[in-house]
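Lettering follows sequence order; numbering is per chain, from 1.
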Amino acid sequence: MTEDGYVGEERDRRLAKLDALRAAGTDPYPVRFDRTHTAAEIQEHWEHVEAGGETDDVVRVAGRLLLIRRQGKLTFATLRDGTASVQLFVSDAVVGAEVHQAFDELDLGDWVGVEGAVMRTKRGELSVKLRAFELLAKALRPLPSKWQGLTDVDTRFRMRYVDLIANDDARRVFAIRFSVIATIRRFLAERRYVEVETPVLHAQAGGGAARPFETYHHALEMPLSLRIALELHLKRLLVGGFERVFEIGRVFRNEGLSTRHNPEFTMLECYEAFADYTDMARLVEELVAECARAATGSTTVAAGDRELSLAPPWPRRPMLDLIQEHAGVAVHPSQPVGDLEAICDRLGVARQAGWGPGKLVLELYEKTVEPNLFGPVFVIDYPREVSPLARIHRADPALVERFEPVVLGRELGNAFSELNDPVDQRQRFEAQARLAAAGDEEAHGVDEDYLRALEYGLPPCGGLGIGVDRLVMLLAGVTTIREVLLFPHLRPEAGETGDEGGTG
RNA sequence: GCGCCCCUAGCUCAACUGGCUAGAGCAAGUGACUCUUAAUCACUAGGUUCGGGGUUCGAGUCCCCGGGGGCGUACCA
């Protein structure tokens with residue numbers, strides 16, 4: 001292949017400039033720059049300056065050069081930092097032809113630091129009237145088209161740094177992401193939740209239904225799995241006496257990729273002693289509304305051509321009622337398997353041999369109800385069989401106290417009144433182990449240490465998991481998870497691990 | 001995994017039914033220009049059409065193999 005990312009003569013030209021700068025005694029990569037203001041601060045503090053107005057207020061600002069408009073003995077340039085943009089006004093009359101010439105040697109994409117007085121041009125653009133400048137870092141590669149930006153999806157994700165330079169929308173989406181995560185931390189801290197970090201490497205993956213990534217510890221000579229959930233360690237901490245804990249952490253699931261699935265993704269899980277799933281539902285609706293307000297300024301988000309209000313309270317709807325409503329059938333996980341199988345077949349819901357009644361009911365819900373739920377809505381009370389970590393429902397032993405918040409036909413998370421009976425938990429684990437032995441790669445075995453912890457006493461508690469990436473997608477109005485991940489998983493580029501640079 | 005679609009200059013896109021030297025805008029180079037805003041104007045340069053093979057007088061275009069990506073589907077958060 002050609003040299004990776006070869007960009008033609010332009011790069012050679014800029015490399016030659018580096019040599020020329022060094023020969024002239026200029027370091028193209030100096031060590032630091034003292035700035036007095038960000039671009040946003042300049043825009044804000046000098047907003048009052050009128051068109052054509054000059055000030056004696058000298059500022060030092062640094063950023064990347066995005067546009068240059070040369071106009072004879074004047075040059076206008078657009079400088080952008082992490083906050084905003086500001087125009088640079090360079091005039092022979094101020095700095096002399098020599099400095100102006102040196103400024104014009106800069107290329108689009110270069111990082112520069114400048115010093116000058118704040119002014120506003122006759123045409124009304126707030127500007128820094130350049131007095132001196134310093135190249136802070138030379139860019140060797142040209143920026144994408146200033147007008148069309150970078151649209152090739154593969155390139156945008158592979159070279160996210162360029163995407164962030166070129167596309168306002170990429171920066172908007174990640175600003176929402178950072179705001180959501182900061183809001184979660186603040187929201188939970190205000191409610192006396194403690195943030196903890198638990199292991200990523202597990203001897204036994206558990207806490208969810210998913211196939212894990214397997215790895216190997218050489219010194220210990222043992223296989224390890226990457227975690228698929230945070231749950232079991234966080235509940236151990238409640239045994240230890242923490243009353244409210246949460247973790248925002250990366251979990252890993254060895255499954256297919258799609259617009260909604262990345263092999264690693266960010267999960268929030270939190271657990272609260274003495275609470276149940278009704279408390280967690282209130283927590284979720286308030287948390288999501290607060291994230292929406294903080295990230296977008298509103299609890300209303302656009303959903304295609306409709307508007308979706310996330311303002312609490314959200315309706316609570318039993319799963320079995322919803323199936324009755326949407327599919328027109330009354331089902332219950334205590335019904336004989338054969339009856340439920342017949343219902344699935346009649347409704348065209350695909351099933352596999354060996355599924356129990358709970359799994360069949362869940363499947364009916366997922367196929368006939370969930371895609372049609374605009375939301376937000378809490379779907380409550382799940383079959384016991386498909387919820388091995390949830391407490392049996394106080395009013396119906398075939399169900400558990402569990403809910404999923406559903407928005408736009410997709411679940412945002414999962415929560416229960418946690419199962420804290422160690423004897424019941426052992427039976428549930430053993431049922432899972434039988435599924436695993438029968439070939440279910442998403443079922444897991446008996447976690448003896450977790451059971452031992454439960455035997456020391458887990459207080460009654462509510463637990464919650466939220467897919468943070470999905471929440472960000474919702475608030476940012478994007479439809480693929482890759483848009484909300486800074487570096488989504490991609491196959492390696494051709495030649496990336498091979499004999500790259502064969503011609504270079 | 002499976003199905004359908006896409007890959008042309010640094011970026012964004014053209015190129016009829018297989019037909020002349022693969023074009024354009026931006027970016028780049030040279031020149032002009034003291035209030036521009038995607039500055040403008042003139043000129044110049046820039047291509048392994050994703051890679052490999054094949055069919056054909058002739059392939060960006062058709063066929064086969066491979067690579068990467070997108071969408072849908074399955075599983076899930």
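- If you measure from atom CZ of Phe213(A) to atom P of rC75(B), you get 19 Å, rounded to the nearest angstrom.
- Atom CD in Glu370(A) sits about 12 Å away from atom C1' in rC75(B), given to the nearest Å.
- Here, rA59(B) and rU49(B) have their P atoms 12 Å apart, quoted to the whole Å.
- Looking at the side chain of Met119(A), the nearest of the listed nucleotides rC35(B), rA77(B), rG70(B) is rC35(B).
- Checking rG3(B) for Watson-Crick or G-U wobble geometry (two distances, each under 3.5 Å) identifies rC71(B) as its partner.
- The side chain of Asp154(A) approaches rG68(B) more closely than any other nucleotide in the set rA77(B), rG68(B), rU34(B).
- Salt bridge present: Lys235(A) and Glu418(A) bring a charged side-chain N and a carboxylate O closer than 4.0 Å.
- The pair Glu442(A)-Arg253(A) does not meet the salt-bridge criterion, since no charged nitrogen lies less than 4.0 angstrom from a carboxylate oxygen.
- Across all strands, Arg14(A) comes closer than 4.0 Å to no nucleic acid atom at all (heavy-atom distances).
- Between rG47(B) and rG66(B), the distance separating the two P atoms is 31 Å to the nearest Å.
- Taking the side chain of Arg13(A) as heavy atoms from C-beta on, and the options rA39(B), rA28(B), rA77(B), the nearest nucleotide is rA28(B).
- For Gln148(A) and rA27(B), the CD to P distance is 11 Å, given to the nearest whole Å.
- The partner of rC62(B) is rG54(B), by the rule that a Watson-Crick or G-U pair needs both atom distances under 3.5 Å.
- In this entry rA24(B) has rU12(B) as its Watson-Crick or G-U wobble partner, both defining distances falling under 3.5 Å.
- The side-chain ring of Trp147(A) is not stacked on the base of rG25(B), judged by centre separation under 5.5 angstrom and plane angle under 30 degrees.
- For the C1' atoms, the distance from rA22(B) to rG58(B) is 15 Å, rounded to whole Å.
- Counting non-hydrogen atoms under 4.0 angstrom, Ser127(A) reaches nothing in the nucleic acid.
- Checked against rU37(B), rA77(B), rG29(B), the side chain of Thr121(A) finds its nearest nucleotide in rU37(B).
- Across rG72(B), rG68(B), rC35(B), the shortest atom-to-atom separation from the side chain of Arg158(A) is found for rG68(B).
- Nearest to the side chain of Arg253(A), among rG10(B), rC35(B), rA77(B), sits rA77(B).
- Aromatic pair Tyr277(A)/Phe416(A): ring centres not closer than 6.0 Å.
- Comparing rA27(B), rC76(B), rU34(B) by their nearest atom to the side chain of Lys73(A) picks out rU34(B).
- Using a 4.0 Å heavy-atom distance criterion, Asn262(A) is classed as a base contact.
- Scanning all heavy atoms of the two residues, the minimum distance from Arg185(A) to Phe246(A) falls at CA-CZ, 4.2 Å.
- Ion pairing between a basic and an acidic side chain is recognised when a charged N comes within 4.0 Å of a carboxylate O; Arg64(A) and Asp81(A) show no such pairing.
- For Phe76(A), whose side chain is taken as the heavy atoms from C-beta onward, the closest listed nucleotide among rC75(B), rC35(B), rC76(B) is rC35(B).
- The environment of CG in Asp56(A) is sparse: at most 12 heavy-atom neighbours from other residues, nucleotides or ligands sit within 6.0 Å.
- Nucleotide rA39(B): unpaired (no Watson-Crick or G-U wobble partner with both distances less than 3.5 Å).
- Across rU12(B), rG69(B), rU37(B), the shortest atom-to-atom separation from the side chain of Thr151(A) is found for rU12(B).
- Between the side chain of Arg211(A) and the base of rC76(B), no donor-acceptor pair of N or O atoms lies under 3.5 Å.
- Within the shown strands, nothing qualifies as a pairing partner of rG46(B) under the Watson-Crick or G-U definition with both distances less than 3.5 Å.
- Distance Arg141(A) CZ to rG46(B) P: 21 Å, rounded to the nearest Å.
- Relative to the side chain of Leu150(A), the nucleotides rU37(B), rA77(B), rU12(B) differ in distance, and rU12(B) lies closest.
- rC33(B) is unpaired under the Watson-Crick or G-U wobble criterion, no partner having all donor-acceptor distances under 3.5 Å.
- Here, rA24(B) and rA9(B) have their P atoms 15 Å apart, quoted to the whole Å.
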